[in-house]
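The structure appears right after this line, and notes come after that.
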Amino acid sequence: MNRLPRSFFARPAPAVAHDLVGKLLVKSDDGLLARIVEAEAYTDDEPACHAYRGQTARNAPLFGPPGHAYVYFTYGMHWCMNTATGAAGEGQGCLLRAAEPLEGLDLMRERRGGVRDRDLLRGPGRLGQAFGLGRDDSGTDLCDGGTLYIADDGTRPAVLTGPRVGVALAPDLAWRFRAAESGHVSPYKRHPRAGNAPAGTYSGG
DNA sequence: CTACCGATGCGCT
DNA sequence: GCGCATCGGTAGC
């Protein structure tokens, strides 16, 4: 089980998001381990990305060097985690949308308030809550040997590609990547204001 | 399983 | 003030 090097993240967000499926999310100080089963790509040339309207204090980690966390607060209650990708200055990243819990389930259950185990990490807000993520985690370097990082154990699941969940803008860009065989993937919800989906949106990969 | 709806507070126009 | 990369509850199929 090897920590992912910065070079893994120094590629375009869609390639990184695809390759994050099957990797391990680790928070070693809490004893937490989970397998990522779903990730999405966001880049500053499309309007669903938090970097689309330029750099601010909030989204600065997206514009920094790759391999850093961008953790943002949304809907008044949820913290969601991204990894910055590409080169410094590019404003892009990958949202970690869902994972399969492997170790530290008791702490995850405590933080998540007794939901079914299948739902501990099934969604970006749920993942953030179970991992205890917050404002202080935004900007964390995932590649400097710290306690929050992503690792590779050689698992290579089949990956499906399709439109991103819940985005009002650029709703048909097929930048959601999920493990084909996992029961821990989040449910797909199209944004109410996004119009109708085109035919045949999902494909293997 | 899908569909709807309210909660909740921050960032930005 | 408006909208949001969401979630949990409830209702219905």
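All of these numbers come straight from a predicted model, not from anything done at the bench. Letters A, B, ... are given to chains in the order of the sequence lines, protein chains preceding strands, and every chain is numbered from 1.
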Between the OG atom in A:Ser138 and the OH atom in A:Tyr70, the distance rounded to the nearest 0.5 Å is 7.0 Å
If you measure from OG1 on A:Thr140 to NE2 on A:His68, what distance do you get to the nearest 0.5 Å? 9.0 Å
Checking side-chain polar atoms at under 3.5 Å, does A:Arg111 have a donor or acceptor matched by the opposite partner on A:Gln129? no
Could you list, one pair per line, each protein nitrogen or oxygen that sits under 3.5 Å from a nitrogen or oxygen of nucleotides 2-6 of chain B, together with the distance?
none

Hey, are A:Arg109 and A:Asp119 close enough for a salt bridge, meaning a charged N less than 4.0 Å from a carboxylate O? no
Got a salt bridge between A:Arg164 and A:Asp172, using NZ or NE/NH1/NH2 to carboxylate O under 4.0 Å? no
Which nucleotide of DNA chain C is the first, and which the last, in the 5' to 3' direction, to come under 4.0 Å of a heavy atom belonging to chain A? C:dC4 to C:dG8
Does the distance from a Lys or Arg side-chain N to an Asp or Glu carboxylate O, for A:Asp153 and A:Arg35, drop under 4.0 Å? yes
Report the secondary structure of DNA chain C in dot-bracket form, marking unpaired bases with a dot and bases paired to a different strand with |, and treating Watson-Crick or G-U pairs with both distances under 3.5 Å as paired. ||||.|||||||.
Between A:Phe177 and A:His18, how do the two ring planes meet: parallel, tilted or perpendicular, split at 30° and 60°? perpendicular
How many angstroms lie between atom SG of A:Cys49 and atom CG of A:Leu169, to the nearest 0.5 angstrom? 11.5 Å
Got a second to check how far A:Thr155's OG1 is from A:Ile36's CD1, nearest 0.5 Å? 12.0 Å
Can you tell me how far the CD1 atom of A:Ile150 sits from the CG atom of A:Leu20, to the nearest 0.5 Å? 5.5 Å
As an exercise, state the distance from CG of A:Leu160 to CD of A:Glu181, rounded to the nearest 0.5 Å. 8.5 Å
Specify the residues of residues 98-131 of chain A, ordered by number, for which at least one heavy atom lies under 4.0 angstrom from an atom of DNA chain C. A:Arg112, A:Gly123, A:Pro124, A:Gly125, A:Arg126
Enumerate, atom names and distances included, each donor-acceptor pair closer than 3.5 Å involving a side-chain atom of residues 92-104 of chain A, sequence neighbours excluded.
unit_1  : atom_1 : unit_2   : atom_2 : d
A:Gln92 : OE1    : A:Ala13  : N      : 2.8
A:Gln92 : OE1    : A:Thr85  : OG1    : 2.7
A:Gln92 : NE2    : A:Glu90  : OE1    : 3.3
A:Arg97 : NE     : A:Glu38  : OE2    : 2.9
A:Arg97 : NH2    : A:Ser186 : OG     : 3.2

SB check A:Asp19 A:Arg11 (cutoff 4.0 Å): yes
With 3.5 Å as the limit, what N/O pairs link the protein to nucleotides 10-13 of chain B?
unit_1 : atom_1 : unit_2   : atom_2 : d
B:dG11 : OP1    : A:Arg135 : NH2    : 3.1
B:dC12 : OP1    : A:Thr56  : OG1    : 3.0

Aromatic ring proximity A:Tyr42/A:His50, centre distance under 6.0 Å: no
Look at A:Arg135 together with A:Asp137 and state whether they make a salt bridge at an N to O cut-off of under 4.0 Å. no
